[in-house]
Amino acid sequence: MTSSTAGNPQTTMDHEGTIDAEALRQAVAESFDETIGQLTDLVAIPGIAWPSFDPAPLNRSADAVASLVRASGFDDVRILRCDKEDGTPGGPAVVARRPAAEGKPTVLLYAHHDVQPTGDLALWETDPFTAVERDGRLFGRGAADDKAGILAHIAAYSAVTRVLGDELGLGVTFFFEGEEEAGSPTFRQFLETHRELLRADVIVVADSSNWKVGIPALTTSLRGLVDGTIEVKVLDHAVHSGMFGGPVLDAPTLLARLIATLHDDEGSVAIKGLVSRDDVVVDLTEEEYRADASVLDGVKLAGTGSIASRMWTKPALSIIGFDAPAVDVASNTLLPRARAKFSLRLAPGQDPAAAMEAVRQHVETHAPFGAEVVFTPGESGNSFLTDTSSKAASVAMWALGEAWGVPAVEMGIGGSIPFIADLTELYPHVQILVTGVEDPDSRAHSANESLHLGDFRNAIVAEALLLARLNNEGAL
């Protein structure tokens, strides 16, 4: 656990100036009801970037976000997009820019306004696109992921402008993407097209979580990702299982045997050559993990080492798809081929290309009973590690602790944000901070997604403190 300073409302940070934390906190509090109203209005717009959905709500979402940005004081506000490879337009991104005064750094504040589909509506306790406040939480699709990130940025910037006035020389750029939940298909092209417009010294990605309700966190590591398909072939064509069964095993059975080699008896990934570490600074209890992940009673947890390392700094492999006949239409046939899709989360520091090759070598080496194995690589994404010694990370940890009144922690996330690799490649000297407004019970992507309102307010205060402190700095 990394500690941070908390306590006095007005904290002198260094010779560059004094941060009036109490004034910033008050500015956030005075407009918080308005901020919740704005978030409620955004939740009502079902902006989904998936190709199978009507794009009109997504365009309305971008228009609504652009209006909020203009109301916060930005004059240069644009809705921009790039075309996908097939020529169809990408999701609309809202970009606004306030140039930095001479000698001041520029901060880019990222979030996304598109949301996940609702899934089975029967699982929702309330209408997913009608924000409902209950027991200190705001429920609705996008209430946490990630429309709250947008409002955290806007509300924090507004608080800082009210408190600092003409003393604010910090450059600020808003970048609110419109296709993140669809995999950001035009993100790289967007960055290359608008490279100078989006250039910054610090990037704050508000699309993660805090450690627990009441305990803030800076996300300092993200796992990478590779996926692909594994196909097993044993026959030229299907044959009668009664007449030919016995001397040869069917493809689904052999594929199952091959899949079983991907983990050892303890449930750890058994592929040679993958990076694996157990050096996290915070951890969950087994009871906490079981509750958060809804693990059924009697199911033994897999792997070794701390639970947090198993989620953040060790590889994790899942079979996420399996091609085989449905049970209701199955016939007495030896199937000639079977195919599965794997998803492998990579520990920070793992080269995705090396990991993909390691999977290929493993499945080809472990082909059961001489079956033909066809390995087809899929998508890949790099992991991310924050330079916690950077000035921006130090300021962020201080701001989080000051806002919540308890020490902030450094935590990892088992998921991946592949576009961060694009940011680090195009802007190699930028300092990237991954923050968030969610908590372990926010249920992003699931039914009954929600936002803890107390933590949301603290997140706004923390970002206001971060911006105010960076405003006091010279070159970072």
With no hydrogens and no angle check, do the side chains of [X] and [Y] hold a donor and an acceptor under 3.5 Å apart?
X	Y	value
D127	T130	yes
D145	H445	yes
R345	S416	yes
H153	E463	yes
S343	D227	no

>> Between K212 and E288, is the salt bridge (charged side-chain N to carboxylate O under 4.0 Å, His left out) condition met? List the steps.
In response: CA-CA 11 Å; K212 298 177 182 179; E288 289 171 330; 2.8 Å; yes
> After noting the C-alpha distance and the side-chain angles of R337 and E372, does the key distance pass the salt bridge (charged side-chain N to carboxylate O under 4.0 Å, His left out) rule?
Replying inline: CA-CA 9 Å; R337 61 189 62 194; E372 180 182 345; over 6 Å; no
>> Would the distance check show the side chain of D278 and the main-chain N or O of S309 forming a donor-acceptor pair, the cut-off being under 3.5 Å?
In response: no
> Under the salt bridge (charged side-chain N to carboxylate O under 4.0 Å, His left out) criterion, do R443 and E438 qualify, and how do the steps go?
Replying inline: CA-CA 9 Å; R443 304 188 189 185; E438 299 174 29; over 6 Å; no
> Of the non-hydrogen atoms in T219 and S208, which two are nearest, and what is the gap between them?
Replying inline: OG1-OG, 2.6 Å
>> One thing to verify: whether E196 and R199 come together as a salt bridge, which I'm taking to mean a side-chain N less than 4.0 angstrom from a carboxylate O.
In response: yes
> So K84 and D86, salt bridge (charged side-chain N to carboxylate O under 4.0 Å, His left out) or not? Walk me through it.
Replying inline: CA-CA 5 Å; K84 302 176 185 177; D86 62 4; over 6 Å; no
> Would V202 and V430 satisfy side-chain contact (heavy atoms from CB on, under 4.5 Å), going step by step from the backbone distance to the final call?
Replying inline: CA-CA 6 Å; V202 178; V430 74; 5.6 Å; no
> Honestly, is R134 close enough over F139, meaning NZ or CZ under 6.0 Å from the six-membered ring centre and within 45° of the axis?
Replying inline: yes
